Amino acid sequence: MDRETRRSLEDFRRNDASPIENNLIDELVDGQLNRAEFLRRGAMFGLSVGVMSSALAVVGEAAATPQGAVVAAAETVKIGGTARVGLAKWGGSLEPFKLAEAGSLGMSGIPGEYLTYSDNNNQIRPWLAASWKPNKTATVWTFQLRRGVRFHNGREMTADDVVANYKLYTGNKQSQALSIFEGILGPEGVTKKGKYTVEFRLKQPTGAFPYLVSQTSYQCIIYPGSIKPDQWVKSGMIGTGPFKLRNFSDKRQYNLIRHDQYWGGKPPLDGVRVTAYETSTAMALAMRAGQLDVVSAISRLEAQPLIGNKKFRILTLPTAAHRQFTMRADDAALDDPRIRRAVALTINRPEVSGGLLRGAATLGNDTPFWNGYPSSRAVAQRRRNVAQARQLLAAAGAENLSFTITTHRLQELPDYAAAIQRYARDAGINVQIELLSDAEYYGGGTDYYATTPWINKPSTITEWGHRAVPNVYLTAAYASNGIWNAPHYKNAQLDAAIKSYLSAVDLATQRKYSRQITTILQRDVPIVTAYHFTSVTPVAAKIRNFQLESINHVRLAKTWLA
Amino acid sequence: MLRYIVKRIGLAVVTLFLLSVIVFGLSQMLPGNVARAVLGQFATQEAIDSLNHEIGADRPAVVQYLDYMRGFVQGDLGVSLASQEPVWSILQPALVNSLKLAALAFVIVVPLSILGGVVAGLRAGSLGDRTITIFGLSMSAIPEFVTGIVLILVFVIWLDWLPVTAQWDEGAGPLTQVEHLLLPSICLVLVLFGYIARITRAGVIEALDADYTRTAYLKGLPTHTVIRRHVLRNGLLPTIAVVATQTSYLVGGLLIVEGLFNYPGIGLQVYLSAQQKDFTVLTSAVLVLGLVVLFVTLLADILYGLVNPRVRFGTVE
């Protein structure tokens with residue numbers, strides 16, 4: 001490294017760097033962060049590429065790749081053509097603040113874009129926001145918007161739009177994004193500080209805030225602030241994305257054409273045709289028949305006929321998505337942690353992953369800290385141990401344990417319940433299975449949270465989607481006051497650790513608390529997480545440069561047809 | 001005849017009213033609520049309450065029903081609780097889709113199965129009869145999703161002759177639409193062929209054995225005249241009734257076929273509305289289907305009277 005680079009880095013540290021940024025560079029120099037982690041966290045806290053490159057040079061690492069760089073493809077990009085995309089049909093709304101289903105978030109995410117982008121390495125990157133900076137305590141985040149971004153109607157995106165959008169997402173009672181921002185950000189905390197500057201004043205320190213405004217918070221699409229709630233679709237789904245809506249027949253077919261003023265450069269495709277499929281079987285059949293180029297949200301089992309066929313490529317991506325097998329900590333049969341731990345010990349995780357999911361999974365460890373999260377601390381993998389399970393049951397006086405797992409008819413859930421039943425039998429546990437329809441499982445009375453089966457049955461299995469950071473899992477499913485705390489598990493020690501984790505800004509502290517949290521959860525096992533999904537996305541062989549994502553978005557800005 | 005029709009229409013109105021009460025009552029018994037279905041299981045209770053209030057789903061059930069019926073009798077089906085779109089704008093395309101599919105299936109299956117039934121009946125016990133009977137029975141016994149997948153495998157994936165989905169592009173011509181509807185129609189034809197053919201066969205055999213047929217032969221009428229005037233005219237009477245009763249299945253009961261071929265018909269719409277507890281769409285869809293069934297049944301009764309001169313409206317009802 002030359003002296004000039006070192007001096008400029010020292011100048012930055014002395015004059016401009018915040019304590020968070022200095023701490024980050026210290027962690028790199030001390031060897032607590034490797035190159036990838038440093039880049040990931042540097043991007044999260046808004047360090048410039050130049051500073052990150054200089055810091056890496058100090059420790060003898062290669063310079064940082066410029067953010068957002070696109071690796072040139074070996075083939076020549078072909079311009080033109082229409083990509084045919086299949087999505088699962090949705091029952092609800094396409095309005096951004098109401099998005100709640102795989103199909104609808106995929107559809108709205110084509111014309112829509114977000115402030116930041118959480119890539120497949122869980123690194124946060126600029127998107128509609130060009131940069132961001134936290135204050136010393138990570139309670140105030142200032143975002144600089146990308147200039148020259150045009151909506152589909154030709155108007156430039158400014159801070160007014162972002163402020164209006166975020167006031168809706170954090171303030172409207174029907175906003176699905178409330179589950180992300182509850183206790184973190186309210187509408188009063190979103191203010192314009194300049195034509196291209198937006199400030200988010202948080203209710204509590206949140207080191208991972210840039211992740212919360214990424215596409216994994218799929219509701220938070222940026223669109224013209226003048227569009228009233230529930231009018232987005234009617235006004236033509238105006239966003240900033242590479243394709244704009246031309247026409248559609250509701251919940252059936254959507255035709256989009258290239259947005260010529262797209263800020264990211266001219267998209268190679270002329271357009272995109274999205275077809276909503278009533279069933280994933282129909283979608284897989286259409287793919288098999290060569291009538292679709294990309295499908296989203298089909299299971300590994302449904303993709304099976306496409307595997308090995310030269311007409312298709314199967315793209316896979318490990319994700320944090322998982323199933324929560326919960327056991328109520330206040331249920332007479334399951335209230336002893338030893339009993340719940342015994343149940344967890346009966347499960348043969350590699351067999352579930354290999355058999356039930358045909359290998360499209362990574363092993364879970366009864367913690368929301370998926371291995372892909374930088375903040376996860378390596379903890380010994382829980383393995384099947386029937387003898388130990390029997391000992392724990394005997395110690396708890398529960399040799400004749402019997403309980404019912406309630407779940408619903410979705411993908412592999414019934415089979416997973418049956419697998420648990422089979423494994424548990426080896427330890428003398430009698431498990432019954434109650435299978436409900438989706439409507440029954442998620443239904444409920446006037447007091448929803450006190451009546452809905454998925455939160456109130458003694459034991460349940462529920463699907464959870466991917467998140468770039470585990471914050472929502474922790475606050476909603478594990479914290480004592482979590483609104484989706486299905487096991488009704490309360491632990492002040494865990495709550496304190498979660499709070500400390502969420503407000504930690506440096507990785508070492510986050511890892512310290514993630515370990516604490518995992519230790520508590522592996523001991524008490526309110527929730528068994530046996531596996532995390534590897535998403536399986538089949539694409540036609542002629543599709544090039546398709547940007548696979550951990551959730552069901554379909555990113556086609558750079559995609560082209562060979 | 002006119003008196004008969006008026007009476008039938010009066011009965012239809014009562015039937016539709018009772019139908020609306022039953023459907024509404026049943027929809028109230030379904031678990032969940034509209035807002036939960038729209039906003040998803042992870043929506044907060046505050047969000048659910050807010051949406052339910054906004055769309056009026058938190059009002060007493062009777063009030064909601066009376067409100068709906070007040071609009072219905074004035075020709076206003078109201079708005080969908082789930083999407084806030086006018087109900088008719090949701091039902092109309094779905095109904096048109098279902099009618100198109102039903103019409104194509106009807107046009108293929110009725111002549112085909114009647115022909116099969118007549119041939120089988122006229123040559124009862126022959127190899128042809130057995131082939132038609134066994135084939136028809138076998139096809140009826142196989143669920144639609146099995147025949148559907150086999151058809152897709154053969155005609156789409158192996159032969160690449162037909163499109164896999166029953167959806168066509170905006171502005172597609174009638175021939176393109178028929179091309180897209182062919183596979184689901186064949187699926188339905190295979191299910192219905194055996195049933196209609198067997199009823200026709202039984203009717204033909206019974207007519208062949210009847211005194212009036214024997215008399216016609218004894219009078220010296222040629223065989224083709226006996227068959228056309230006496231056997232078919234009498235033998236097809238049960239078939240008309242059977243075909244009429246299949247209409248409700250063809251129009252509103254094609255959930256599996258619509259799902260497999262991704263065809264947004266009214267069967268799927270009813271299912272989706274029931275799932276979402278969207279009672280305005282659900283009740284309207286069932287009433288519209290009820291209307292179609294009543295109309296077809298009435299048509300079949302009239303046809304029955306025309307084919308069978310022994311039946312006279314007002315005396316035999």
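Here is the naming used below: chain letters follow the sequence lines, and residue numbers restart at 1 for every chain. Source: prediction; values computed, not measured.
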_If you count every heavy atom of other residues, nucleotides or ligands that lies below 6.0 Å from Leu175(B) atom CG, does the total exceed 12?_
no

_Using 0.5 Å steps for rounding, measure from the OG1 atom of Thr279(A) to the CZ atom of Phe145(B)._
12.0 Å

_Counting only non-hydrogen atoms closer than 4.5 Å, does Asn255(A) touch chain B with its backbone (N, CA, C, O), its side chain (CB onward), both, or neither?_
neither

*In Å, rounded to the nearest 0.5 Å, how long is the span from CG of Leu292(A) to OG1 of Thr165(B)?*
7.5 Å

*Under 4.5 Å heavy-atom distance to chain A, tell me which part of Pro93(B) shows up: side chain, backbone, both or neither.*
neither

*Name the region of Lys311(A), side chain, backbone, both or neither, that has any atom closer than 4.5 Å to a heavy atom of chain B.*
neither

*To the nearest 0.5 angstrom, please state how far the CD atom of Glu278(A) sits from the CD1 atom of Ile256(B).*
12.0 Å

*Determine whether more than 12 heavy atoms belonging to other residues, nucleotides or ligands lie under 6.0 Å from atom NZ of Lys173(A).*
no

*Mind checking the CG-CD1 spacing from Leu285(A) to Ile157(B)? Nearest 0.5 Å is all I need.*
6.0 Å

*asked:* Given heavy-atom pairs under 4.5 angstrom as the criterion, report whether the side chain, backbone, both or neither of Ala476(A) touches chain B.
replied: neither

*Under 4.5 Å from any heavy atom of chain B - which part of Thr275(A)*: side chain

*Looking at residues at least two apart in the chain, or sitting in another chain, which of them share a side-chain contact (heavy atoms from CB on, under 4.5 Å) with Glu434(A)?*
Thr404(A), Thr406(A), Leu436(A), Lys457(A)

*Where does Leu260(B) contact chain A at under 4.5 Å (heavy atoms): side chain, backbone, both or neither?*
both

_Residue part contacting chain A, namely of Leu51(B), when any heavy atom lies under 4.5 Å_ = both

*Of the listed residues (Arg273(A), Glu101(A), Lys89(A)), which shares the most heavy-atom pairs with chain B below a 4.5 Å separation?*
Arg273(A)

*asked:* Taking the side chain as everything from C-beta on, heavy atoms only, tell me whether Val156(B) gets closer than 4.5 Å to Gln291(A).
replied: yes

*Please list, in residue-number order, every residue in residues 53-62 of chain B that has a heavy atom less than 4.5 Å from any heavy atom of chain A; write 'none' if there are none.*
Glu54(B)

